[in-house]
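Remarks on the structure that follows.
A note on names: the letters A, B, ... follow the listed sequences, proteins ahead of strands, and every chain is numbered from 1. Values in this document were obtained by computation on a predicted structure and should not be read as measured data.
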Number of protein chains: 2
Amino acid sequence: MKGVKTIGIVGGGQLGRMLTLAAAPLGFRVIVVNPEANGPAAQVGADEIVASLQDKKALEELAKRSDFITVEIEHFDTAALDKIAKRGTPVNPSPLAIQAIQNKFHQKQLLEHNGIQVAEFADFGSVGAAKEHLKQWGGEMYIKSKFNAYDGRGNFYVTTPKGVDSLADANDIQALYLEKKVSYAKELSVMVAKDLQGNVKSYPATETIHKRSICIETITPAEIPKHIHKKATELAQKTVACFEGAGVFGVEMFLSGLDTLLVNEVAPRVHNSGHFTMNACVTSQFEQHIRATAGLPLGDTSLTSPCAVMVNILGEQNGPTHLKGLNKALAIPGVSVHIYGKSPTKVDRKMGHINAIGSTIKQARDRARKARKLIDI
Amino acid sequence: MKGVKTIGIVGGGQLGRMLTLAAAPLGFRVIVVNPEANGPAAQVGADEIVASLQDKKALEELAKRSDFITVEIEHFDTAALDKIAKRGTPVNPSPLAIQAIQNKFHQKQLLEHNGIQVAEFADFGSVGAAKEHLKQWGGEMYIKSKFNAYDGRGNFYVTTPKGVDSLADANDIQALYLEKKVSYAKELSVMVAKDLQGNVKSYPATETIHKRSICIETITPAEIPKHIHKKATELAQKTVACFEGAGVFGVEMFLSGLDTLLVNEVAPRVHNSGHFTMNACVTSQFEQHIRATAGLPLGDTSLTSPCAVMVNILGEQNGPTHLKGLNKALAIPGVSVHIYGKSPTKVDRKMGHINAIGSTIKQARDRARKARKLIDI
């Protein structure tokens, strides 16, 4: 079939799965690179190259078998993908943008350089310098890994000079940086889509709730004043403009005090805080990302329901996966369940999520939380 | 992974594809029987048994590899599936219900027997009797095939005794029946979902527009007075109650005169006239059918947009499939495109469809028709 293009995706986990499901109606084929065989994306029809995301040969094979490439994760060999892009396979967003994001310290530098307010931060430097920052910042700070940090992994909350010592002992300090602890009222996220021409569309700002640094719930629209909503949207768009290439980006930020917004982190891809779009927006973030990276025009980002709450289905034990309680959960009005096909279950592993729509946030939240309690996986 | 069930689907075409896409988020695996390899459902991750739908062994293999079975088409060996159901594999809707629907003459008899108004009809009987009916019915009638008739195939419009002769010459008259031509204002369709406990939920009534007896467009909600909408819904539910088993059913009817509703045909499955639900309802007909046949509770059937128009993408020539114009079509607000992955293109082959939402029917229709014109496949 002529005109049918194959999308190569770096990563074939749950985000790759939902991208694959969204690509099919638009007539695209999908191929992924995934470290484990028969991953979430392969289960829904994606071809799969089983290999590490650091495997240059696998990325080369992906390029050979794809018309264009995108990513579902930022932890991979960006230099290899940059070579591929320079040789002519379109890659979106730009591998260099992903590289800048991959190193969280560089990401913060880049944001600051572009006039975007972030929490105070510094390179670890030396143990002495780190202790000095701890003092300066009022006796509490985060020591964070520059690389491979997500869902709270690689973030350490430190309140004593001894804490600095023990982290320096256990880690390569070159790979660490420091961040002042920000006191904030809410954590927000804005999903922004950018097409190949640079046109952007934003989804409504979402409030994200974290537990043990993992997103457990999102509330849309975020319960914030209208002018903050506008400010957050503008900030997210300004942030995304710092990174080259098309796609959906997730911009996480803190609302500190009454109206200070600090960008915390950027995801150069679809994001957990955008899952509500699957059941509550005209165009889901997944279809939007396919549109954006395929050179198609962006879809409507409006809500089709007044409110939407997403609750993650995180694993609660280690062991074989069994799916129970779907029957009761789906009996709740407005509830949609999205299972990722992962096995086995591990503590805090993202096994699926629940979207609930409602006429009020309370209604949507009650529905989503009730459904979550009923599901055992 | 325990608790993950495999759904067996008889047929792996576009309806099987959209069922497969809807089954994944609920954690189901899908296996289909399909006459051609790598059909639309297999392309999105369904396992596929390549065989005729009349192949008893293939249906047996489907049963062996499935936890429960449903269908995307009614033209298959229903007796074989009935045996499978009697041996204990759940099949929904009931194979005997599908058998009754398969023979359009029996379907009409069964509806009439249950007090449901249909157009006047009769068995072909003899050439003499058929000519007598033609006279009685005012000189125009349909001669229809009892079996394998869909999208207008097997329906003949007859206005002369000579026409009766030539059809009798060319066909086995045992396989034909007669139907009075009904003059009608609109053709309507109501999708009704029935769960394993017999609970039903209906989608808003849709107006269907046909060309050469193939559905080309649907308009939702149908532009009919409120009391007719109510009457159509009640009639559809009464109709579905005649057929045993769970699933989504499509009930096609004529609105004749001001308020007479005649049931034309029942589909024991998801249906072209329910495609609007994918982008305009809380629960799509595909998710609904999975829920219903899997023993899960039915989802909300409400519209999330005021109006929705679906336009089929029918092939316009015979030849290799090429997908063009997606870019321009998707630039129209509220437009979603669903491509089925079929190849080659054939005249009138269902290659995909377009859903457009809008605040008025005119807006949705203009969007959908404009998008259709831009797509070349």
Just give me the residue among A:Leu21, A:Thr20, A:Thr283, A:Asp300 that pairs up with chain B most often, heavy atom to heavy atom, under 4.5 Å. A:Leu21
Contact winner vs chain B - A:Thr304, A:Asn327, A:Leu298, heavy-atom pairs under 4.5 Å: A:Asn327
Is there any residue in residues 32-45 of chain A with a non-hydrogen atom under 4.5 Å from a non-hydrogen atom of chain B, and which ones are they? A:Gln43, A:Val44, A:Gly45
Who are the side-chain contact (heavy atoms from CB on, under 4.5 Å) partners of B:Ala356, not counting sequence neighbours? B:Val335, B:Arg367, B:Ala368
Looking only at non-hydrogen atoms, find the nearest pair between A:Ala331 and B:Pro297 and report the distance. N-CG, 3.4 Å
If I compare all heavy atoms of B:Val337 with all of A:Leu26, which pair ends up nearest, and what's the gap? O-CD2, 3.8 Å
First locate atom NZ of A:Lys5, then atom CG of B:Leu326, and finally report the distance between them rounded to the nearest 0.5 Å. 10.0 Å
Looking at B:His338, B:Arg291, B:Arg17, which one has more heavy-atom pairs under 4.5 Å with chain A than the rest? B:Arg291
Sub-4.5 Å heavy-atom contacts with chain A: which residues of residues 358-366 of chain B show up? none
Excluding sequence neighbours, so at least two apart, what forms salt bridge (Lys or Arg N to Asp or Glu O under 4.0 Å) with A:Asp47? A:Arg29
Report which part of A:Ile332 has an atom under 4.5 Å of a heavy atom belonging to chain B: side chain, backbone, both, or neither. neither
